[in-house]
Amino acid sequence: MGGGSTRLMPSATLELALRFANTVAWHASAHAQESIFSYEDMLRWFEGELGASPVWTRLLAAQNSDAETASQLLVRILGLREVVFRVFSAQAVNERPANRDVSTLEDEWRRASRQLRLTHNEGGFEFQWEIDKTPLEYPLWLLAHSAVELLTNARALQRVGRCADPAGCGWLFLDQSKNRSRRWCDINDCGNRAKQRRFRGREQALGDTP
Ligand SMILES: [Zn+2]
């Protein structure tokens, strides 16, 4: 990695925003469970998703030297995560997301886009993120760009789904099945519970008959 720039992550990041929304368990319920409690937790998550890079070490150092900015950014990124969750939850049931959420996302995306530079390399040109001035914002830019990339990709957008668990699992996914039949975060988790509920319901119904 040369200078203060880092490569724009490739389109494998299409799912990044959805995955980040899933850092809250039971996201669609009244008892949502947070898993990110610090800027560092958030960095570890991105590192786990996108792989090791000197950029994470650099951001870790930056958050240690400016803890206040880091904690303000954490609030902003977790806020954007909730926007992403609502936008794609609406999309999953073919509803139009709230205008307010879309414009928040647009604002963050526009801010992020100002940090993109067009740089020349051997093969031609490529995008690079300019992270020198405000390195701590970098994960926010990745999140905003991933969400907008997905939102503007009609084919992928049609495949956004949310776990059908009635208790509010809320897990978002890109349905890769041929006939778009995926309903659950995991067939062995919420899918299995639904099966057991149906089974119990049937047993109860049978038990009720004299
Ligand atoms: Zn689920």
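Small disclaimer: the values here were computed from a predicted structure and weren't measured. Every number for a ligand or one of its atoms is a count from 1 in the order of the listing.
Less than 2.8 Å away from the Zn ion (ligand 1), the protein contributes these N/O/S atoms: Cys163 SG, Cys169 SG, Cys185 SG, Cys190 SG.
Using cut-offs of 30° and 60° for the angle between ring planes, the Tyr138 and Trp129 rings count as perpendicular.
Residues Arg182 and Ser177 bring no donor and acceptor atom of their side chains to less than 3.5 Å of each other.
Applying the 6.0 Å contact sphere to CZ of Phe37 captures more than 12 heavy atoms from other residues, nucleotides or ligands.
Side chain of Asn64 to main chain of Leu60: a donor-acceptor pair is present (N/O by atom type, distance under 3.5 Å, no hydrogens or angles). In this structure, the side chain of Thr23 does not engage the main chain of Ser35 through any donor-acceptor pair within 3.5 Å.
A heavy-atom distance below 4.5 Å is found between the side chains of Leu142 and Leu50.
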